[in-house]
*Asks:* 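Sending over a structure as structure tokens; questions will come in a sec.
Since this is a predicted model, take the numbers as computed values, not measurements.
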Amino acid sequence: MRAYVISTSETLEPFNDHPRDCLVGNKPLSQVRDKALHALGLKPVMVDSHAQIDDSEPYIVLEDRLFFTPELLATFLAASRSRGTSTLCGIRSGMMTDTTAATTQGLAMKEGTYAYPLCYEPVLPARGEPGIVAIETGFDFEPLPVPKHMSPTRDPRLPVTALLIVRIDHWVNLWAANLSMLIADLARLKKGKLRLMGLALKARSLNKWKVLRKTNVIGRGCDIHPTAYVEGSHIGDGTQIGAGAVVRSSLVGAGSRIINRATVEFSVLGEHAYVMNGCTSQFSVLYPGHLAMSNLVSLSICGRDTFIGDGATLADFRFDGRTVRVLKHGTPLDTGITFLGGCLGHGAYLGAGCILAPGRMLPNGLRITRDSGVIHALTPGAAIEGFRVVSPLRQL
């Protein structure tokens with residue numbers, strides 16, 4: 001069966017990349033999509049519009065900016081084939097759509113669901129107006145360590161399911177798609193009872209942390225200090241992990257450096273990304289070449305060759321109790337997410353002491369530093385020998 005992929009033209013702010021070229025799990029979305037299609041025996045065919053499709057046999061059609069797991073697609077196909085009519089994939093509003101910021105994905109509401117651009121067409125005589133197939137994304141969940149006073153209206157929980165779909169129409173969606181890959185891996189592990197039993201035997205323990213350590217996939221030529229702790233993670237070739245570092249439930253690209261006492265938790269690091277001494281990345285996506293010197297990068301996404309200086313902050317929580325709002329094509333949108341950081345475009349630098357408010361983004365190549373208290377010039381002839389007067393930098 002063929003899968004017709006509709007080519008779209010809009011690029012993603014602030015990266016100016018098309019979503020199909022953006023990295024999801026350190027691979028372009030187009031590769032991730034085609035791998036999922038091939039896993040189900042579907043042949044991807046690129047087209048410019050629905051009008052180009054001339055096929056009397058059953059097929060599916062989807063947008064090229066759509067991320068989905070093979071499990072989600074298989075569930076949709078099974079339900080659609082059982083109906084034998086034209087169908088459209090829908091997800092009911094709930095924890096999964098909240099977590100993936102469905103409100104920012106440019107989706108229509110249909111029959112009480114978010115309607116995704118994933119359609120099934122049966123044989124020609126049975127086609128008609130597509131009806132919604134509402135996917136039940138039943139999930140387990142992991143509690144998040146957040147006190148009740150910071151999230152009074154909802155339980156801070158991470159849904160754990162392999163039935164995931166995201167239309168990448170905003171940088172928040174790209175961040176969510178990357179974390180969705182980690183969530184799906186965790187869900188597969190929890191469902192694989194036989195695999196868990198095998199891992200427990202391999203670990204010679206029923207302690208879940210010891211079992212998780214046996215799920216690591218370590219690439220070739222890695223240099224991991226014996227005091228480092230790594231669990232439930234994929235570590236790329238040639239990665240260095242220093243003394244006392246912690247890496248948990250993360251995907252780390254080849255050639256990355258996680259230096260002494262650094263922590264990487266539930267994050268995706270691109271190739272040759274650096275997390276420096278004592279720094280932490282959690283629930284974040286750091287593109288290739290990123291350098292983090294800040295104490296904490298949380299719930300954020302940073303583009304290629306970005307830098308966050310020591311003492312810089314990507315804030316991820318509003319004190320007024322409201323969910324985080326973002327700009328989309330200049331219009332404010334409520335993400336529906338209580339905790340959300342920011343976005344740095346490719347080549348953006350955030351200098352020491354700078355603060356990026358929740359949900360804000362920096363354009364490609366923008367380099368920000370504080371304009372007061374920055375050493376710009378040293379004045380000779382100071383009153384005391386050996387001392388110099390600091391002149392603040394007024395203009396960049």
*Asks:* Do Asn216 and His234 have side-chain N/O donor and acceptor atoms under 3.5 Å apart?
*Replies:* no
*Asks:* Do Tyr120 and Phe76 have ring centroids that are under 6.0 Å from one another?
*Replies:* no
*Asks:* For Met197, does the CE atom sit with more than 12 other heavy atoms under 6.0 Å from it, leaving out its own atoms?
*Replies:* no
*Asks:* From the options Leu344, Ile308, Ile368, select the one residue that forms a side chain to side chain contact (heavy atoms under 4.5 Å, CB included) with Leu356.
*Replies:* Leu344
*Asks:* Considering the options Leu77, Ile165, Leu164, Thr161, which one meets the side chain to side chain contact (heavy atoms under 4.5 Å, CB included) requirement together with Leu72?
*Replies:* Ile165
*Asks:* Pairing donors with acceptors under 3.5 angstrom, does anything connect the side chains of Asn173 and Thr104?
*Replies:* yes
*Asks:* So, taking the atom named CZ in Arg261 and the one named CG in Asn277, what distance separates them when rounded to the nearest 0.5 Å?
*Replies:* 5.5 Å
*Asks:* To the nearest 0.5 angstrom, please state how far the CZ atom of Phe15 sits from the CH2 atom of Trp171.
*Replies:* 8.5 Å
*Asks:* For residues Pro19 and Leu29, report the shortest heavy-atom separation together with the two atoms involved.
*Replies:* O-CB, 3.3 Å
*Asks:* Check Thr280, Thr313, Asp316 against Ser298 for a side-chain hydrogen bond (donor to acceptor under 3.5 Å, both in side chains) and give me the one that passes.
*Replies:* Asp316
*Asks:* Would the distance check show the side chain of Asn295 and the main-chain N or O of Gly311 forming a donor-acceptor pair, the cut-off being under 3.5 Å?
*Replies:* no
*Asks:* Quiz question: by atom type and distance under 3.5 Å, do the side chains of Thr227 and His225 form a donor-acceptor pair?
*Replies:* yes
*Asks:* Verify the cluster assignment for Leu182 and Val285: are they in a single hydrophobic cluster under the rule of side-chain heavy atoms below 4.5 Å apart?
*Replies:* yes
*Asks:* Run the salt-bridge test on Lys191 and Glu71 with the 4.0 Å N-O cut-off and return the result as yes or no.
*Replies:* no
*Asks:* In terms of hydrophobic clusters joined by side-chain contacts under 4.5 Å, are Val297 and Val275 together?
*Replies:* yes
*Asks:* May I ask you to check whether Ser281 and Ser267 show a side-chain donor-acceptor distance below 3.5 Å?
*Replies:* yes
*Asks:* Kindly indicate whether the side chain of Met150, heavy atoms from C-beta on, has any atom under 4.5 Å from the side chain of Phe317.
*Replies:* yes
*Asks:* Please determine whether residues Leu296 and Val247 belong to a single hydrophobic cluster, defined as Ile, Leu, Val, Met, Phe, Trp and Tyr linked transitively by side-chain heavy-atom distances below 4.5 Å.
*Replies:* no
*Asks:* Among Asp334, Thr335, Thr103, which one satisfies side-chain hydrogen bond (donor to acceptor under 3.5 Å, both in side chains) with Thr323?
*Replies:* Asp334
*Asks:* Which atom pair, heavy atoms only, marks the closest approach of Lys193 to Lys190?
*Replies:* NZ-O, 3.6 Å
*Asks:* Write down the atom of Leu73, the atom of Leu37, and the distance for their closest heavy-atom approach.
*Replies:* CD2-CD2, 3.6 Å
*Asks:* Could you check whether Glu129 pairs with Lys110 (Lys NZ or Arg NE/NH1/NH2 to Asp/Glu carboxylate O, under 4.0 Å)?
*Replies:* yes
*Asks:* Could you state whether Phe68 and Met46 fall into the same hydrophobic cluster, counting links through intermediate Ile, Leu, Val, Met, Phe, Trp or Tyr residues with side-chain heavy atoms under 4.5 angstrom apart?
*Replies:* yes
*Asks:* Do the non-hydrogen side-chain atoms of Val324 and Thr338 ever get within less than 4.5 Å of each other?
*Replies:* no
*Asks:* Please name the residue in the list Lys208, Arg248, Lys210, Arg213 that meets the side-chain hydrogen bond (donor to acceptor under 3.5 Å, both in side chains) test with Glu231.
*Replies:* Arg248
*Asks:* Does the distance from a Lys or Arg side-chain N to an Asp or Glu carboxylate O, for Arg167 and Glu63, drop under 4.0 Å?
*Replies:* yes
*Asks:* So, Glu57 and Arg2, do they make that salt bridge, N to O below 4.0 Å?
*Replies:* no
*Asks:* Of all heavy-atom pairs between Tyr349 and Asp305, which one has the smallest distance, and what is that distance?
*Replies:* CE1-O, 3.8 Å
*Asks:* Looking only at heavy atoms, which two atoms of Asn178 and Leu23 are closest? And how far apart?
*Replies:* ND2-O, 3.0 Å
*Asks:* Are the side chain of Arg360 and the backbone N or O of Pro358 linked by a donor-acceptor pair below 3.5 Å?
*Replies:* yes
*Asks:* Per the ring-ring contact (aromatic ring centres under 6.0 Å, His included) rule, which among Trp175, Phe339, Phe266 passes with Phe283?
*Replies:* Phe266
*Asks:* Go through the steps for Tyr4 and Ile60 under the test side chain to side chain contact (heavy atoms under 4.5 Å, CB included), then give the verdict.
*Replies:* CA-CA 6 Å; Tyr4 292 98; Ile60 65 168; over 6 Å; no
*Asks:* Which residue in the set Val252, Ile258, Leu269 passes side chain to side chain contact (heavy atoms under 4.5 Å, CB included) when paired with Ile235?
*Replies:* Val252
*Asks:* Any sub-3.5 Å donor-acceptor pair from Ser284's side-chain atoms to Leu299's backbone N or O?
*Replies:* yes
*Asks:* May I ask you to check whether His290 and Thr306 show a side-chain donor-acceptor distance below 3.5 Å?
*Replies:* yes
*Asks:* State, yes or no, whether a side-chain contact exists between Asp17 and His346 at a heavy-atom distance under 4.5 Å.
*Replies:* yes
*Asks:* Provide the closest heavy-atom pair for Gly270 versus Ser256 in the form atom of the first, atom of the second, distance.
*Replies:* O-OG, 2.9 Å
*Asks:* What I'd like to find out is whether the side chain of Arg195 reaches to under 4.5 Å of the side chain of Arg188, using heavy atoms alone.
*Replies:* no
*Asks:* Any side-chain heavy-atom pair from Val133 and Arg83 closer than 4.5 angstrom?
*Replies:* yes
*Asks:* Is Leu194 atom CG crowded by more than 12 heavy atoms from other residues, nucleotides or ligands, each under 6.0 Å away?
*Replies:* no
*Asks:* Kindly work out whether a path of hydrophobic side-chain contacts (I/L/V/M/F/W/Y, heavy atoms less than 4.5 Å apart) joins Leu186 to Trp209.
*Replies:* no
*Asks:* Taking everything shown except Asp320 itself, do over 12 heavy atoms lie less than 6.0 Å from its CG?
*Replies:* yes
*Asks:* Regarding Arg304 and the six-membered ring of Tyr287, is the cationic atom NZ or CZ under 6.0 Å from the ring centre and inside 45° of its axis?
*Replies:* no
